[in-house]
Novice: 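Structure incoming, see below.
Within every chain, numbering begins at 1; the chains are lettered A, B, ... in the order of the sequence lines, protein sequences first and strands thereafter.
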2 protein chains.
Amino acid sequence: MSRRIPASTIRRLSHYLRSLEDIEGEGRETVSSEELADRGQTTAAQVRKDLSHFGSFGKRGLGYRVEELRGRLRQILGVDRVWRVALIGAGRIGSALFEYPAFELRGYECVAIVDADPEKIGATWGALRIRPPEEIESLIDTLGIELVILAVPAQAAQQITDRAVHAGIKGILNFAPIRLKVPAHLAVEDVNLVMQLEALSFAITQRGSGD
Amino acid sequence: MSRRIPASTIRRLSHYLRSLEDIEGEGRETVSSEELADRGQTTAAQVRKDLSHFGSFGKRGLGYRVEELRGRLRQILGVDRVWRVALIGAGRIGSALFEYPAFELRGYECVAIVDADPEKIGATWGALRIRPPEEIESLIDTLGIELVILAVPAQAAQQITDRAVHAGIKGILNFAPIRLKVPAHLAVEDVNLVMQLEALSFAITQRGSGD
DNA sequence: TAGATTTTGTGACGTTTTTCACAAGTGGCG
DNA sequence: CGCCACTTGTGAAAAACGTCACAAAATCTA
Ligand SMILES: NC(=O)c1ccc[n+]([C@@H]2O[C@H](COP(=O)([O-])OP(=O)(O)OC[C@H]3O[C@@H](n4cnc5c(N)ncnc54)[C@H](O)[C@@H]3O)[C@@H](O)[C@H]2O)c1
Ligand SMILES: NC(=O)c1ccc[n+]([C@@H]2O[C@H](COP(=O)([O-])OP(=O)(O)OC[C@H]3O[C@@H](n4cnc5c(N)ncnc54)[C@H](O)[C@@H]3O)[C@@H](O)[C@H]2O)c1
């Protein structure tokens, strides 16, 4: 039951949640920390330590009730409710994301799409009409949007961010390869695929030369 | 000059490299650890420690010569050469990635596209023709492919991986939301956007209830 | 009920990573 | 040249994170 939670713990909690869904799908009722560890590339002690930051959810000798733990994790991760999301940038990556069903399945509901291209503004994607950037603030405000998926070119990203932040959003999933300047309290997750490719080439290069 | 390098160091090195490119674009010749730190959301001491794992590249009193450090980082990260990449899965995310210029700019050159859909096989994207999965091994072999960008549905991912690994690839950028089973020496980077959204909703939820 | 068996929750411990602090280089300038 | 201002590189200290080991709780068996 501690205060500051390591980011690595949060990542693992997401894995545990996915594993629990799988296990529930298999019809199982309980699960041990050891099994969760096996499915998540970690150790049983780590699983228990991770969970212990938030309380004690298991029964000694038995393990965890799958359904209960799943509910607890959803609560902890804040996915026990619907999050209203705006997609800003209806380009290549934006359209792939929009059609990706996994987001909505997890409670992230895209309720607005914004793009600056006059050719795109007004077009309909699913049930949504693409809106111009001028409407960002009012959309966020009237639709109660808390999260933004930012998929615009790098040079537009900071400006859009400032406006979204000003309108009261709470978190950003940022695809633009820049470090956004935001108030300290705001949550930002960067998706940087070039960095991940570089991690791969480093690992491969290192391995070859190192030992 | 140590042996085992933290993953967080590698991530920061990528940031430093990008910052150095910006700085070079601004026409500057030298840079201090402090300025690199400011641009990278870290500290000057951390920058110096990160670099010190690989040697000493700066001059006391002066800082680092931008061009030289950039070259060293490219060498360290293994991006001082071209990496041949296969894109497997020519769907929504695959097509966004294929058209993303940042990869090629950094030396990741897509030299093959594979998809299982008969409607897609044979189509041309840029200068490439989409190949059927049966050809994975021979493409990897004859084209000298070392990296795979895996953008197929989760249920196909492991099978494709096994074949690519068998054919000798060295790293995988994996978009499928499963943990791939690969030999220990193989480099895998997972892109898991749902996990990143969950990190956001956790941070937001936590902040609200915590303090 | 007693004893064997299982598995959690957690304090203590060990390792990794970050931060700190400063001696030692470097160039500029009077 | 000698001093000053600046900045690196790096041991040592601190903090963060992960692992271990075991008492405690729960079930099962007979
Ligand atoms: N394509 C990829 O695979 C990929 C991968 C990782 C990151 N990214 C990053 O994601 C961002 C978008 O990439 P993309 O490939 O989809 O580019 P894209 O050009 O296909 O799409 C960008 C969209 O943003 C719109 N836009 C531009 N300025 C805008 C503004 N001020 N307000 C609202 N909309 C605006 C454009 O009209 C366009 O529709 C870029 O920052 C890119 O670096 C792309
Ligand atoms: N769309 C997104 O925004 C997004 C985001 C993150 C992760 N992902 C993941 O990326 C993967 C692809 O997603 P998508 O949205 O592009 O799906 P998609 O259905 O649009 O594309 C998948 C492609 O893979 C091809 N394919 C299927 N089986 C194959 C096989 N055995 N060999 C070769 N090709 C095969 C299909 O023909 C299709 O073209 C999925 O695992 C998904 O979970 C998608």
Novice: Rounded to the nearest angstrom, tell me the gap between atom CZ in A/Phe54 and atom P in C/dG9.
Specialist: 14 Å
Novice: Strictly below 4.0 Å: does A/Ser33 bring a side-chain N or O up to OP1 or OP2 of C/dT7?
Specialist: no
Novice: If we ignore angles and hydrogens, is there a donor and acceptor under 3.5 Å between the side chains of B/His15 and B/Arg39?
Specialist: no
Novice: At less than 4.0 Å, is any side-chain N or O atom of B/Ser8 found next to OP1 or OP2 of C/dT18? Yes or no.
Specialist: yes
Novice: Measure across A/Leu87 and A/Gly94 and return the closest heavy-atom pair with its distance rounded to 0.1 Å.
Specialist: CD2-O, 3.4 Å
Novice: Given atom CD of B/Glu35 and atom C1' of D/dC6, what is their separation to the nearest angstrom?
Specialist: 15 Å
Novice: Tell me the interatomic distance from A/Asp50, atom CG, to D/dG18, atom C1', rounded to whole angstroms.
Specialist: 10 Å
Novice: Expressed in angstrom and rounded to an integer, what is the separation of A/His53 atom NE2 from C/dG9 atom P?
Specialist: 13 Å
Novice: Under a 3.5 Å cutoff, is there a donor and acceptor pairing between the side chains of B/Arg65 and B/Thr30?
Specialist: no
Novice: Specify the separation, in whole Å, of atom CD of A/Glu68 and atom C1' of C/dT8.
Specialist: 13 Å
Novice: Would you indicate, yes or no, if C/dT19 has its OP1 or OP2 atom less than 4.0 angstrom from a side-chain nitrogen or oxygen of B/Gln46?
Specialist: yes
Novice: How does protein reach along nucleotides 21-30 of chain D, written 5' to 3' as B (base within reach of a heavy atom under 4.0 Å), S (only sugar-phosphate), or - (no contact)?
Specialist: B-BBBS----
Novice: Considering all heavy atoms of both residues, which atom of B/Arg131 and which atom of B/Leu139 are nearest to each other, and what is their separation?
Specialist: CG-CD1, 3.5 Å
Novice: Considering just the side-chain nitrogens and oxygens of B/Tyr64, establish if one lies under 4.0 Å of OP1 or OP2 belonging to C/dT26.
Specialist: no
Novice: In this structure, how many angstroms lie between the P atom of D/dC17 and the CZ atom of A/Arg4, rounded?
Specialist: 8 Å
Novice: Under 3.5 Å, is there a donor-acceptor pair linking the side chains of B/Asn192 and B/Gln196?
Specialist: no
Novice: So A/Ser201 and B/Tyr108, do their side chains get closer than 4.5 Å, heavy atoms only?
Specialist: yes
Novice: Using OP1 and OP2 only, check whether a side-chain N or O of A/Ser52 sits under 4.0 Å from C/dG9.
Specialist: no
Novice: B/Ile10 CD1 to C/dT17 P: how many Å, rounded?
Specialist: 11 Å
Novice: Atom CG of A/Leu69 and atom C1' of C/dT7: how far apart are they, to the nearest Å?
Specialist: 14 Å
Novice: Nearest to the side chain of A/Lys49 - C/dT19, C/dT8, C/dG11?
Specialist: C/dG11
Novice: Which pair of non-hydrogen atoms, one from A/Pro177 and one from A/Ala154, has the smallest distance, and what is that distance?
Specialist: CD-CB, 4.0 Å
Novice: Would you jot down, in residue-number order, the residues of residues 12-27 of chain B having a non-hydrogen atom under 4.0 Å from DNA chain C?
Specialist: B/Arg12
Novice: Less than 4.0 Å between a side-chain N and a carboxylate O, is that true for B/Glu21 and B/Arg106?
Specialist: yes
Novice: Are any of the side-chain heavy atoms of A/Phe175 and A/Val152 separated by less than 4.5 Å?
Specialist: no
